[in-house]
Structure formats: structure tokens, C-alpha cells
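Worksheet: the structure to be examined is printed underneath.
Proteins get letters first, then strands, A, B, ... in listed order; numbering begins at 1 in each.
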Amino acid sequence: MTKYTAVKGMNDCLPPETRKWQALEQLARDTFASYGYSEIRTPIVEKTALFTRSVGETTSIVEKEMYSFVDQGDEALTLRPEGTAPVVRSYIESGMANQHPNAKLYYMGPMFRRERPQKGRYRQFHQIGVEIFGTAAPAADAEMIAMVWDLLDHQLHLPDLALEINSIGCAGCRPEFLRTLETYLASRAEKLCTDCQRRMKKNPMRVLDCKNEKCRELLQDAPSIHEFWCEGCQSHFTEVQAMLKLLHVPYIVNHRIVRGLDYYMRTAFEVITTRLGAQSAVVAGGRYDGLVRQLGGPDVPGVGFAIGEERLMLLLEDAGTLSVKEEQHVCFALLGEAARKALLPVIRELRHHGVSVQWDYEDRSLKAQMKHADKLGAKWVVIVGDEELANKVVQVKTLATGDQETMSIDKLVTYFSEKCS
RNA sequence: GUGGCUGUAGUUCAGUUGGUUAGAACACCUGAUUGUGAUUCAGGGGGUCGUGGGUUCAAGUCCCAUCAGCCACCCCA
């Protein structure tokens with residue numbers, strides 16, 4: 001074991017793995033762009049109060065999972081545990097809320113939560129998220145959900161995914177549901193598992209989602225959120241569903257879906273899978289109409305989601321459906337000072353034409369340079385020694401076949417530009 | 001924070017009821033004469049068996065502690 005190791009739950013992403021991440025992120029960018037979203041980049045560190053206020057004082061994220069510290073200027077700062085609050089903060093602070101209240105934004109980057117790591121769950125993890133501000137229309141929820149379904153299903157061809165949707169009510173109708181639920185739970189509190197007894201106090205809706213068999217049986221006739229929806233929530237949810245149907249996005253309604261963050265209301269959805277061990281959600285999102293105002297901005301509604309990038313990568317690895325274009329590169333074997341002098345300008349020219357070129361910095365034997373080229377995975381080797389120089393030619397060898405041909409130096413740029421385009 | 005499983009070469013692992021100098025595959029390095037990789041052949045380097053204690057004539061193997069990794073609970077993307 002080496003002396004310095006990465007922090008627990010924080011992993012290196014090494015080549016060739018990095019190429020897969022680039023490919024995935026590029027696909028997401030292209031997809032979002034086709035729906036009219038723009039990228040926003042916010043700092044990784046925010047003032048702690050931003051999260052305690054938006055995410056919720058009693059959520060487990062705020063209570064025990066945040067990487068918080070006081071800096072040398074006595075400011076309480078936190079490594080962002082999620083992406084929405086910073087985007088909302090920026091939306092308000094930049095004046096975007098006043099200038100262009102309708103905004104469709106996306107972001108991608110690292111988030112930090114101090115949990116015990118396990119499969120699909122890390123202390124530094126990455127999310128790709130989107131937010132729509134300025135519209136309370138159900139069409140926004142539906143098209144946004146359709147977009148992420150497009151990305152996962154149509155672009156990435158992931159099998160065994162399911163889209164589950166729910167409405168968790170609004171400030172108008174949820175309180176009554178919660179009161180009824182709490183009364184109901186209190187009446188049978190002693191029979192519930194210890195986890196549920198704790199959940200009762202903190203997040204009663206979670207009790208409905210307990211995996212314990214006994215709890216499930218006991219709660220079969222528990223009140224459900226849909227019995228309490230106000231007219232607005234009811235019609236909103238109906239319209240979201242209508243549009244999902246119109247767009248041929250398959251979904252199932254699950255009234256037990258809950259949100260872990262306080263700011264959510266109405267639409268809540270998850271894309272789940274059975275192939276991630278104990279983790280099920282790959283994507284989660286919902287509507288948060290009160291959040292912008294709560295953070296000091298105008299009363300602008302919002303809706304968004306976040307994709308767990310590591311979880312998505314695990315699925316892609318499993319399904320093998322992420323295609324990464326294989327890079328084709330050329331390796332130059334330059335024998336001696338004269339060859340270097342003559343060919344380095346050509347190499348530069350090739351690179352200017354977008355061809356990936358490498359050469360051996362060590363002035364080694366041809367054998368060693370061939371070996372080097374093979375190890376780098378080069379497709380071709382261009383061999384240049386005194387004999388070639390004298391005739392202003394090179395040897396171009398294709399490694400996979402072993403074929404080798406003589407070519408004039410002047411033709412190199414056009415030859416490889418075409419091959420690698 | 002709680003529980004379970006696992007720590008042997010760079011990597012993946014084997015190591016029989018404790019018993020001589022701890023092995024394999026792959027990777028790495030060198031060579032098979034002149035300027036040709038991969039393939040083939042012949043050699044080679046590399047491990048204080050996670051760490052620290054203990055039991056024993058003897059510990060990679062048994063016991064305890066500790067650390068790390070993985071998985072699960074809680075919770076979540």
C-alpha cells in the first residue's frame with residue numbers, strides 16, 4: 001500500500017475510462033442543445049447557508065453529509081452536495097431572473113456527500129442536471145422528462161429502465177395529507193420497525209416506502225397522496241401524463257415516490273433500474289416552484305432533474321452500448337538527428353490538419369521505436385532514416401497487416417488527412 | 001453511524017489438516033547479429049503474504065486489534 005491514497009469514496013478516472021466519460025457528456029450536451037438548453041457553470045463551493053436553507057435543515061444531507069468548513073476569512077463554506085441550489089442562486093444573483101426569466105439550463109460536474117461508499121454511491125460523485133425556470137406549465141415537466149428518456153433510451157440504448165412518476169402535492173394540499181398520515185402512523189407506531197419510528201418524525205412519507213415486510217403489510221390501507229391532491233395538482237399531473245403519452249414515453253405512476261430534498265412539490269419522477277445493486281435511481285427530479293422565491297428571488301417556478309453519472313456509467317458498462325470512437329494515430333520512427341530536423345515540421349503540419357501524431361522522444365533504435373509505437377496503439381508507423389531522407393521519401397507501415405509502402409514526404413499530409421478525417 | 005465479506009508480485013488469483021528458499025497467468029525488462037512492432041522461442045527482475053501484537057518448536061495459513069477495499073443498512077443521483 002502506497003503512502004498517499006485517494007480520499008475514501010473519491011475515485012480517479014484514468015484513461016481509457018476518461019474517453020467514455022467524454023463521450024457520455026458530449027452526447028448529453030448534444031441532446032440538451034437540441035432541446036434548447038444552455039450550459040451554466042457555478043462554483044463547487046458555496047456558502048453553507050445556501051444549502052441549509054434550500055435542501056432543508058432536517059434532511060440527512062444537511063445534518064450529516066455535507067463537507068463544510070470555515071475558511072481563513074471565517075466564512076462558513078460547503079462543497080456542493082447537489083446542483084439545483086447553486087444554479088438557483090446564480091439565476092437570482094446574475095439578474096437572469098429579471099432579464100430572461102424563462103431559462104433552460106444544464107450543468108455537469110462533481111458533487112460531494114460524506115456517506116459510506118458502496119456500489120453506485122461515492123463521496124465525490126458526478127451529476128448531469130437540467131433546470132427550467134419561469135414556467136409552471138405541465139408541458140415543461142413532460143418535455144423535460146421526455147428529453148432524459150430520449151437520452152437514456154434512444155441515444156444510449158439502455159435496457160431495463162423504468163420511468164416512475166408521481167405528484168407529491170403542493171403547499172396547499174400536502175399539509176392535510178401529512179396530518180392525516182401522521183395520525184394514521186401514530187395509531188400503529190409501536191408495530192412499525194425502528195427505522196420507521198424514526199422516519200415518522202423526520203419524513204413521514206418515507207415510511208410508506210419501507211422495505212420491511214411487516215411494515216408493508218401494516219400500511220396497506222395507509223392514506224395515499226393522490227387522495228388529497230387539490231384541483232391544481234390533479235390537473236397538472238393529468239396533463240403531464242397526457243403529454244408523456246403523446247410523446248410515447250412509457251411510464252408508470254408510483255404514489256410512493258418521495259423526494260429527499262425539501263424544496264420539491266407536484267411532479268416527482270425517477271428513472272430506476274434493477275441492475276445497480278442496492279441503488280435504483282439513475283435519474284431523479286421534480287418541480288420546485290417555491291424555491292427561487294425562498295432563496296430571495298422573484299416568484300419564479302422551476303423544474304429539473306439530475307442524472308447520477310457514475311450510476312449511468314455502471315449501466316453503460318454493463319450493457320456495452322456506449323460507443324467510443326477509436327482514435328487513429330500515426331507514430332513516427334525518426335532515426336537520427338537529420339530525420340528529426342526534416343520531419344518535425346511535417347509532423348506539426350499533420351497535427352494542424354487534425355491528425356494525431358506521436359514520435360519517440362528518446363533517440364532509440366528502430367526496434368525500440370517500433371515497440372513504442374505498438375504500445376501506443378498506433379495504426380501506422382512512418383519510418384524515416386538516412387536512406388529515405390536521401391530520396392525524400394518515407395516508409396509507411398500499417399501495423400495491423402504489416403504492409404509497408406514507400407511514399408514521398410510531400411504526400412504525407414494529404415494521405416493522412418484523408419485517412420483520419 | 002451500524003453490520004457482513006475480503007486483504008499474497010504492477011494486475012487477476014492459487015497456496016491443500018500450520019511444516020524446508022511463497023507460486024501461476026498476464027504485464028514488465030533483456031536477448032534470438034546489420035534498419036522493423038505485435039506473434040514465437042530463451043532468459044530475467046519484482047512480494048518484510050495490509051499493519052501491529054499473540055499462540056506455537058514452526059504462522060501466508062490459527063487468535064486479537066488496527067487500517068484499507070468491497071457490499072449492505074440508514075439515506076440518496
Side-chain angles (χ1 to χ4, degrees), chain A residues 1-9 11 55-56 58-66 80-84 108-129 148 193-199 202-203 206 209-212 257-261 269-273 276-286 304-315 331 333-336 339 360 364-389 394-404:
Chain A
M1 185 60 69
T2 45
K3 192 171 178 185
Y4 297 106
T5 56
V7 174
K8 182 199 279 286
N11 303 311
V55 173
T58 61
T59 59
S60 60
I61 291 180
V62 169
E63 277 192 342
K64 51 181 192 181
E65 293 175 4
M66 293 204 301
R80 62 181 184 196
E82 60 103 30
T84 299
M108 47 185 72
M111 307 292 162
F112 303 84
R113 293 182 200 172
R114 199 179 182 290
E115 305 173 271
R116 275 299 265 278
Q118 66 190 68
K119 190 182 181 73
R121 153 189 257 190
Y122 310 98
R123 289 185 171 182
Q124 174 173 333
F125 61 103
H126 297 77
Q127 288 189 333
I128 300 176
V148 74
C193 68
T194 50
D195 281 335
C196 279
Q197 301 202 5
R198 192 168 36 75
R199 279 191 273 247
K202 291 188 100 172
N203 195 345
R206 283 235 176 266
D209 217 11
C210 185
K211 286 161 194 156
N212 188 310
I257 289 187
V258 184
R259 278 286 76 101
L261 287 63
F269 74 97
E270 293 180 357
V271 177
I272 59 170
T273 176
L276 274 181
Q279 266 57 247
S280 59
V282 189
V283 181
F305 68 75
I307 302 172
E309 236 180 315
E310 280 81 1
R311 292 183 182 183
L312 192 47
M313 283 305 307
L314 285 171
L315 292 179
C331 230
L334 304 173
L335 304 170
D360 199 337
R364 295 191 280 193
S365 69
L366 176 59
K367 187 189 183 71
Q369 294 198 45
M370 289 298 293
K371 212 166 195 166
H372 181 241
D374 188 62
K375 213 166 289 173
L376 291 172
K379 188 162 184 189
W380 303 277
V381 181
V382 176
I383 301 160
V384 191
D386 294 337
E387 282 173 39
E388 286 80 11
L389 277 183
V394 298
Q395 305 289 337
V396 176
K397 179 163 187 171
T398 306
L399 286 181
T401 59
D403 295 341
Q404 187 167 314

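- No side-chain heavy atom of D386(A) sits less than 4.5 Å from a side-chain heavy atom of L335(A).
- Listed candidates were rC28(B), rG1(B), rA38(B). Nearest to the side chain of K375(A) is rC28(B).
- Minimum atom distance to the side chain of A284(A) is reached by rA77(B), of the listed rC29(B), rA77(B), rG3(B).
- When the nucleotides rC28(B), rA72(B), rU36(B) are ranked by their closest atom to the side chain of Q395(A), rU36(B) comes out on top.
- Residue Q369(A) has no polar side-chain atom (N or O) positioned under 4.0 Å from OP1 or OP2 of rG37(B).
- Atom name P, nucleotides rU56(B) and rA42(B): the rounded distance is 49 Å, in whole Å.
- Residue L335(A) places its side chain closer to rG35(B) than to any other of rU36(B), rG35(B), rC71(B).
- Within the structure, every side-chain polar atom (N or O) of Q127(A) is placed at least 4.0 Å from both OP1 and OP2 of rA77(B).
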- Return one dot-bracket line describing RNA chain B 5' to 3' (Watson-Crick or G-U wobble pairs, both distances under 3.5 Å; ( ) same strand, [ ] crossing, | another strand, . none). (((((((..((((.....[...)))).(((((.......))))).....(((((..]....))))))))))))....
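- Applying the 4.0 Å criterion to OP1 and OP2 of rU33(B), one finds that K367(A) has every side-chain N and O outside that range.
- Toward the 5′ end of RNA chain B lies the nearest nucleotide of Q118(A), the other residue of the pair D195(A) and Q118(A) mapping further downstream.
- Closest to the K119(A) side chain, of the nucleotides rA38(B), rA72(B), rG35(B), is rA72(B).
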